[in-house]
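One structure below.
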Amino acid sequence: VTEDAVKANADYMAAHLKEFGWEYIVVDLGWYAPGVTTSNYKKKNIPMITDEFGRLIPVEERFPSSADGKGFKPLADYIHSLGLKFGIHIMRGIARQAYFQKSKIMGSKATAYDIAEPFDTCNWCNNMYGVDASKEGAQEYYNSIFKLYAEWGVDFIKADDTMYPPYHKGEIEMMRKAIENCGRPMVLSLSCGEAPLGRAEHIKKNATMWRVSADFWDNWEDLYHNFDLLNAWSSHIGEDSWPDADMIPFGKLALQNRPVGKERMSRFTPEEYNTLMTLFCMARSPLMIGADLLSTPKEIIDKYFKNDEILAIDQHSTDNRQVFKNKSYAIWTATVPETGERYIALFNLQDKPATVTFNMELESLRGKYQA
């Protein structure tokens, strides 16, 4: 994306969505690579912009306010001036060019060459090398990049390639420690999924949110699969603990035919829109809009992103869980903590109209209730 596009979406969010709780603007993949495109970002040796300490910095052509060493601070300041928060995507590890250049590590006598693991690369975007947590200088490297992000005013880090097999326990811990030491609170979001359920306690200790699904786009099969993923993670939902079903692919997607498929309006049907938003909110998934706000139809934004009643379930309910599911239908429940009132969501999972019933005895709900 470009700086202008980020600002335009931030302006829209501040004017139309902020009052409903939307507050983060996050710049995703590739902000440090001058020639990155949808077709070449997976290739080796994509040139990247780094400073003398091997830390990635924004591409000036796409983010002109970053010139003269300012980095993302001017853009973050602009986002903050709107009353919003600013985030960036990072890839786990250290730039491979820093390894070959033996770049210095801030606060250490070690170099990038000393701490990098050339055999440990992301299998879909391999221009970074992993960092060996046992090496002197490894924690200092992560401290240095998060110190830079704090200076820029970053509030949210989407850390990619942290959970895709293998699970990178050491680097996740170094990120968490670096956030604790950087002097600025930041959300740590782990990607990509599916997160390993066996690592749940470690994930919750070190991150605020984590991807339970693989990259999620506008197709029914992935939405159907998210029922099982969110059910499996439901016991780990908490106030600072958010199993993440990925971005909401509503409205205008893949601008300029990137990153997946042709530029299009979401292929979801109206029924699938309803199903997705209801499921994500019943399961308290973090809500992140994965579309261009300026070209998404207003009726979609109004119905789903300004809907106080459905957003309240996502933001304020407790005891969120699946009650029942088979191939034909599913039932989820949640509780209003202040009153003990219950939310009940009924999902028809078939491709035709059907009657879905809820036997209240499944939840020991006896007597009469006002619905």
Side-chain angles (χ1 to χ4, degrees), residues 21 163 187 189-191 193-214 216 220-248 268 271-288 304 307-350 354-371:
M163 300 187 300
V187 171
S189 170
L190 300 183
S191 195
E194 301 174 6
L197 192 57
R199 295 285 193 173
E201 294 307 316
H202 185 263
I203 292 171
K204 289 192 294 182
K205 181 180 178 181
N206 289 281
T208 309
M209 52 189 273
W210 57 92
R211 283 271 300 281
V212 301
S213 75
F216 177 69
W220 169 250
E221 289 75 17
D222 287 349
L223 176 52
Y224 184 85
H225 185 43
N226 257 327
F227 276 88
D228 293 332
L229 295 174
L230 290 167
N231 174 48
W233 281 97
S234 61
S235 63
H236 300 286
I237 300 168
E239 285 309 303
D240 295 304
S241 178
W242 299 81
D244 177 12
D246 201 13
M247 288 176 275
I248 302 172
F268 278 137
E271 292 82 4
E272 289 166 341
Y273 271 80
N274 292 344
T275 296
L276 185 154
M277 198 66 178
T278 307
L279 175 65
F280 278 28
C281 289
M282 290 296 291
R284 293 201 76 185
S285 175
L287 301 180
M288 182 174 287
Y304 298 102
N307 188 325
D308 281 331
E309 291 185 331
I310 191 72
L311 295 175
I313 302 175
D314 183 84
Q315 296 295 294
H316 302 297
S317 60
T318 59
D319 193 25
N320 309 70
R321 54 195 165 77
Q322 184 172 280
V323 176
F324 179 84
K325 178 177 173 289
N326 60 22
K327 291 183 178 180
S328 298
Y329 68 95
I331 299 168
W332 275 70
T333 185
T335 301
V336 183
E338 296 83 4
T339 65
E341 293 172 290
R342 298 288 289 273
Y343 295 110
I344 302 292
L346 309 179
F347 299 93
N348 173 21
L349 303 178
Q350 303 173 78
T355 300
V356 179
T357 60
F358 169 58
N359 180 355
M360 293 168 70
E361 188 63 30
L362 291 175
E363 285 292 305
S364 299
L365 295 174
R366 296 164 182 165
K368 293 185 178 181
Y369 294 84
Q370 183 177 28

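- Considering all non-hydrogen atoms of both residues, A214 and E194 come closest at N-CG, 3.9 Å.
- Residues satisfying the side-chain contact (heavy atoms from CB on, under 4.5 Å) test with S213, not counting sequence neighbours, are R211, F216, N226, L229, D246.
- Residues L197 and H236 meet the side-chain proximity criterion, which asks for heavy atoms closer than 4.5 Å.
- By the 4.0 Å N-to-carboxylate-O rule, D228 lies close enough to K325 to be salt-bridged with it.
- Taking the side chain as every heavy atom from C-beta outward, I237 and R321 never approach each other to under 4.5 Å.
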Practice task
Just do the side-chain contact (heavy atoms from CB on, under 4.5 Å) check on C281 and L287 with the steps written out, would you?
Solution key: CA-CA 8 Å; C281 289; L287 301 180; 4.1 Å; yes
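- At least one donor-acceptor pair closer than 3.5 Å links the side chain of R284 to the backbone N or O of D314.
- In this structure, the side chains of K327 and Y224 come closer than 4.5 Å at one or more pairs of heavy atoms.
- A distance of 10.5 Å separates CE of M247 from CZ of F280, quoted to the nearest 0.5 Å.
- Side-chain contact between M360 and R366: absent, with no pair of heavy atoms (C-beta onward) separated by less than 4.5 Å.
- Residues W233 and I203 have side chains in contact (heavy-atom distance under 4.5 Å, counting atoms from C-beta outward).
- Side chains of S328 and L349 form no contact here, defined as non-hydrogen atoms less than 4.5 Å apart.
- No donor-acceptor pair under 3.5 Å is formed between the side chain of T335 and the backbone N or O of D319.
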Practice task
Determine, stepwise, if the pair M277 / L311 fulfils side-chain contact (heavy atoms from CB on, under 4.5 Å).
Solution key: CA-CA 9 Å; M277 198 66 178; L311 295 175; 4.0 Å; yes
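- Closest of all the heavy-atom pairs between S285 and A245 is OG-N, 3.0 Å.
- Between T275 and F347, the closest heavy-atom pair is O-CE2, 3.6 Å.
- Residues passing the side-chain contact (heavy atoms from CB on, under 4.5 Å) test with N231, sequence neighbours excluded: S234, Q322, W332.
- Qualifying salt bridge (charged side-chain N to carboxylate O under 4.0 Å, His left out) partners for E221, counting only residues two or more places apart in sequence or in other chains: none.
- Across all their heavy atoms, L223 and F268 have their closest contact at CD2-CE2, 4.2 Å.
- If you take CD on E239 and NE2 on H316, they are separated by 9.0 Å, rounding to the nearest 0.5 Å.
- In terms of heavy-atom proximity, P243 sits nearest to L230 at O-CD2, 4.5 Å.
- Around atom CD of E309, no more than 12 heavy atoms belonging to other residues, nucleotides or ligands sit under 6.0 Å away.
- Taking the six-membered ring for Trp and the full ring otherwise, F324 and Y329 have centroids separated by under 6.0 Å.
- From F358, atom CZ reaches atom CD1 of I331 across 6.0 Å, with rounding to the nearest 0.5 Å.
- The environment of CG in D240 is sparse: at most 12 heavy-atom neighbours from other residues, nucleotides or ligands sit within 6.0 Å.
- In this structure, D244 CG and M209 CE are separated by 4.0 Å, a value rounded to the nearest 0.5 Å.
- Between W210 and P286 the shortest side-chain heavy-atom distance does not fall below 4.5 Å.
- Under the 4.5 Å side-chain criterion, counting only non-hydrogen atoms from C-beta, T333 is not in contact with L362.
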Practice task
Start with the C-alpha gap between W242 and T208, add the side-chain angles, then the distance that decides, and say whether side-chain contact (heavy atoms from CB on, under 4.5 Å) holds.
Solution key: CA-CA 6 Å; W242 299 81; T208 309; 4.2 Å; yes
